[in-house]
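A short worksheet on the structure shown next.
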Amino acid sequence: MTQGHRFDAELVAVTKRYGHGAPAVDAISLRIPRASYCCLLGPSGCGKSTTLRMLAGHEEVSDGAILIHGAEITKAAPVARGTSMMFQDYALFPHLTALDNVAFSLKVQGVSKLERRARAREYLQLVQMDHLADRLPNQMSGGQQQRVALARSLITRPKVLLLDEPLSALDPFLRIRMRAELKRIQKELGISFIHVTHSQDEALALADLVVVMNNAVIMQAGTAREVFETPQNAFVAKFLGGHNVVETATGRASVRADQCVIGKRAGMRALDGKVAMIEYQGTSVRITLEAAGHDDLTALVPTAVYFDHALELGSACTLSWNAADEHPLQG
């Protein structure tokens, strides 16, 4: 890696417009430090996938600039950017083996058969798929196809790897396993991964840098812990989950569900409501309350504590918390 840049990718007031409507991405600026795992997180239509496609060169930038390793690539062709994209549907060639799928881009570049196959085996080994090098895509599971697609994206040795919801097609058990694999590979290679997801758990588990987007803008960017524990606004607090947004004398505040208790407590703030949902989650029980003037409020109660005083749907109850646990919100 060259030493002349501090950031692997930079977006400088980047905007994307389609026609005369509201912009799909509205003047966003972002710096992704060297060798970072960055997750662009947000609901459908927030602009995260459009941002990824502009980084890849699959969408033109309406205004602003994009830099990779300190060099502006805003108008560069996709193959000249130093990026590689791993698509959501993997897009493997059905008639090619895993080995030849991985080697394909080197074939297009004119690399000799012996060299491209040797390098393809190295990258299959990196994703722990070298033992299935001769299989066709329809002879592989979804998780195995994903590993092959990842190896194919990496063989060109990109400066930045772009991933468009790469785990969304996998079952929950495999998704968690592949999260660990993506993180391992990213750290082993020492390049930045920019990963689009709508899963809060995925972003918090993977990212060095979480970028929360909504309505075409960045609502907050920071470490997973910063974004979760100190949301800047009500959208981030609610979207990440695990937070209640409450009204105080000085404005709106968030308080984490695991810092709330059920029942009145001396010296604690309280809101009265009724039980709307009870969800057993193994080590805890999530209790959702309906309270006048508030969106649904939740408390995460340890299982043993809950079953000492089990509740019924529709019953009246009180949510309590310490004022010291409130985090003020900007909007």
Side-chain angles (χ1 to χ4, degrees), residues 6-11 28-43 46-48 51-52 160-161 163 165-167 172 175-214 217-246 248 251-261 269 281-284 286 295 297-302 321-331:
R6 294 173 54 202
F7 304 102
D8 278 349
E10 296 177 71
L11 303 174
I28 66 170
S29 293
L30 178 67
R31 287 175 164 176
I32 298 172
R34 285 183 184 175
S36 296
Y37 204 119
C38 172
C39 282
L40 304 182
L41 172 67
C46 70
K48 59 188 187 297
T51 299
L52 197 75
V160 176
L161 180 67
L163 304 101
E165 302 210 32
L167 306 179
R175 196 177 303 145
I176 291 171
R177 185 177 167 192
M178 283 306 301
R179 283 195 323 221
E181 283 296 291
L182 286 172
K183 190 74 170 179
R184 174 187 66 82
I185 291 166
Q186 186 265 327
K187 292 303 179 189
E188 190 171 323
L189 293 176
I191 66 174
S192 283
F193 283 20
I194 305 177
H195 174 143
V196 160
T197 182
H198 59 266
S199 167
Q200 297 89 336
D201 289 345
E202 201 170 289
L204 293 175
L206 279 169
D208 305 309
L209 177 64
V210 177
V211 181
V212 184
M213 296 184 68
N214 191 42
V217 299
I218 293 173
M219 304 298 287
Q220 186 172 353
T223 67
R225 185 176 181 184
E226 287 170 349
V227 172
F228 182 77
E229 294 189 2
T230 56
Q232 289 183 355
N233 52 63
F235 174 83
V236 174
K238 292 176 183 177
F239 187 77
L240 284 179
H243 286 261
N244 296 307
V245 176
V246 296
T248 70
R252 286 198 290 182
S254 68
V255 60
R256 284 170 24 196
D258 61 331
Q259 294 171 330
C260 295
V261 296
R269 298 195 193 276
Q281 299 186 338
T283 57
S284 63
R286 178 181 291 273
D295 291 334
L297 303 169
T298 60
L300 279 179
V301 180
W321 66 94
N322 287 311
D325 291 328
E326 293 172 354
H327 170 70
L329 300 173
Q330 297 176 10

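All residue numbers in this chain count up from 1 along the given sequence.
Taking both residues in full, the closest heavy atoms of I28 and V217 are given as CG2-CA, 3.9 Å, listed atom of the first, atom of the second, then distance. In this structure, A35 and D8 approach most closely via the heavy-atom pair N-OD2, 2.9 Å. In terms of heavy-atom proximity, G241 sits nearest to F228 at O-CE1, 3.5 Å. Closest non-hydrogen pair, A257 versus T298, comes out as CB-OG1, 3.4 Å.
With contacts defined as side-chain heavy-atom distances shorter than 4.5 Å, the pair V245/D295 does not qualify. In this structure, the side chains of F7 and I32 stay at 4.5 Å or more apart for every pair of heavy atoms. No side-chain heavy atom of V246 sits less than 4.5 Å from a side-chain heavy atom of R269. Looking at heavy atoms from C-beta onward, P231 lies in side-chain contact with L329 at the 4.5 angstrom threshold. Residues S284 and V301 fail the side-chain proximity criterion, which asks for heavy atoms closer than 4.5 Å. Residues R179 and K183 have side chains not in contact (no heavy-atom distance under 4.5 Å, counting atoms from C-beta outward). Looking at heavy atoms from C-beta onward, F239 lies out of side-chain contact with C46 at the 4.5 angstrom threshold. Using a 4.5 Å heavy-atom cutoff, the side chains of T51 and M213 are in contact.
Here Q200 contributes atom CD and L240 contributes atom CG; the two are 6.5 Å apart, rounded to the nearest 0.5 Å. Between the NZ atom in K238 and the CG atom in N214 there is a gap of 11.5 Å [rounded to 0.5 Å]. The SG atom of C38 sits 11.0 Å away from atom CG of L206, with the distance rounded to the nearest 0.5 Å. Expressed to the nearest 0.5 Å, how far CG of D201 lies from CG of L167 amounts to 12.0 Å. The CG atom of L40 sits 14.0 Å away from the NE2 atom of H198 when rounded to the nearest 0.5 Å. Within the model, atoms OG1 of T248 and CD of E326 stand 5.5 Å from one another, a figure rounded to the nearest 0.5 Å.
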Does N233 form a side-chain contact (heavy atoms from CB on, under 4.5 Å) with V236? I'd like the steps, not just the answer.
CA-CA 6 Å; N233 52 63; V236 174; 3.3 Å; yes
CA sep, side-chain torsions, deciding dist, call: E229, H327, side-chain hydrogen bond (donor to acceptor under 3.5 Å, both in side chains)
CA-CA 8 Å; E229 294 189 2; H327 170 70; over 6 Å; no
Would you sort out whether L209 and C39 count as a side-chain contact (heavy atoms from CB on, under 4.5 Å), showing the intermediate values?
CA-CA 6 Å; L209 177 64; C39 282; over 6 Å; no
Evaluate side-chain contact (heavy atoms from CB on, under 4.5 Å) for V211 paired with M219, printing each intermediate quantity in order.
CA-CA 8 Å; V211 181; M219 304 298 287; over 6 Å; no
I would like to know whether L163 and I194 meet side-chain contact (heavy atoms from CB on, under 4.5 Å); could you show each step before the answer?
CA-CA 6 Å; L163 304 101; I194 305 177; over 6 Å; no
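Atom CZ of R184 is surrounded by more than 12 heavy atoms from other residues, nucleotides or ligands within 6.0 Å.
Side chain of Q186 to backbone of I191: a donor-acceptor contact under 3.5 angstrom is found. At distances below 3.5 Å, not a single donor-acceptor pair connects side-chain atoms of S254 with backbone N or O atoms of H243. One N or O on the side chain of S36 and one on the backbone of P33 form a donor-acceptor pair closer than 3.5 Å. Not a single donor-acceptor pair under 3.5 Å links the side chain of K48 to the backbone N or O of V196. Of the possible polar contacts, one joining the Q220 side chain to the T230 backbone as a donor-acceptor pair under 3.5 Å is found. Listed for the E10 side chain is no donor-acceptor partner under 3.5 Å among the backbone atoms of L30. The main-chain N or O of T223 is found under 3.5 Å from a side-chain atom of E226 such that the two form a donor-acceptor pair.
Aromatic ring pairs are classed by plane angle as parallel below 30°, tilted from 30° to 60° and perpendicular above 60°; the pair F193 and Y37 is tilted.
In summary, D325 and R256 do not engage in a salt bridge, as defined by a charged side-chain N under 4.0 Å from a carboxylate O. Using a cut-off of 4.0 Å between Lys/Arg side-chain N and Asp/Glu carboxylate O, D208 and R34 are scored as not salt-bridged.
In the model, E165 has no side-chain atom that pairs as donor or acceptor with a side-chain atom of T197 under 3.5 Å.
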